[in-house]
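Structure first, commentary second.
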Amino acid sequence: MLNVCFDGGEYGLIRVAMAGEKTNYSYTNMDCGKIHPDGFDEARREWVNKIYSYCSEKEKSKTIKEEHKRFNDIIKTAKREGELRVWRAKNPATMCG
């Protein structure tokens, strides 16, 4: 079972509560910008460049690579295991995710 959440705080709480689960992911910032598999890299690069404009190119590149890996991990695991558990809270950021 793949556990997906959209906020780092929720991720931390879920990790503690589900210590025995082997797969947990935090997808912070996936509630913003495009996340469709077609054009994901380009869309996220555009979003990261806009939101993290104060960061160095090296930092932005690292963020883009990390988001790409996390997103691909979701897709691969969902295809392999056939199901996801999406955790959400009743706050605007998580609801959008």
Side-chain angles (χ1 to χ4, degrees):
M1 172 73 66
L2 174 62
N3 294 286
V4 179
C5 56
F6 298 95
D7 179 77
E10 291 166 2
Y11 171 70
L13 292 171
I14 291 166
R15 255 180 82 183
V16 170
M18 302 179 66
E21 291 279 335
K22 90 177 172 181
T23 327
N24 284 320
Y25 291 93
S26 174
Y27 291 91
T28 305
N29 295 326
M30 288 294 189
D31 58 333
C32 303
K34 298 177 184 176
I35 61 170
H36 193 277
D38 299 331
F40 175 79
D41 290 334
E42 183 179 327
R44 296 310 287 178
R45 187 175 300 107
E46 181 181 309
W47 184 83
V48 167
N49 283 329
K50 186 184 297 183
I51 299 301
Y52 295 97
S53 59
Y54 58 90
C55 293
S56 70
E57 290 303 314
K58 183 178 179 180
E59 290 172 311
K60 287 189 277 189
S61 178
K62 180 182 175 193
T63 299
I64 291 165
K65 286 178 186 175
E66 288 171 352
E67 288 201 2
H68 176 81
K69 182 185 180 324
R70 287 192 303 254
F71 186 74
N72 281 326
D73 286 347
I74 287 176
I75 302 299
K76 287 176 188 174
T77 305
K79 285 179 179 178
R80 183 179 66 244
E81 296 186 18
E83 71 182 321
L84 299 172
R85 182 184 300 142
V86 178
W87 296 86
R88 66 176 183 85
K90 291 183 178 181
N91 64 57
T94 304
M95 298 290 283
C96 290

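Only heavy atoms go into these numbers, but all of them, side chains included; no hydrogens, no water, no symmetry mates.
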Rounded distance [0.5 Å steps], CG in Asn49 versus CD1 in Ile64: 5.0 Å

Contacts of type side-chain contact (heavy atoms from CB on, under 4.5 Å), residue Ser53, not counting sequence neighbours: none

Set of residues satisfying salt bridge (charged side-chain N to carboxylate O under 4.0 Å, His left out) with respect to Glu42, sequence neighbours excluded: none

Pairs where residues 45-55 contributes a residue and the test salt bridge (charged side-chain N to carboxylate O under 4.0 Å, His left out) is met, not counting sequence neighbours: none

With Asn72 via side-chain hydrogen bond (donor to acceptor under 3.5 Å, both in side chains) - residues at least two apart: His68

Partners passing side-chain hydrogen bond (donor to acceptor under 3.5 Å, both in side chains) against Glu57 (at least two apart in sequence or in another chain): Lys60

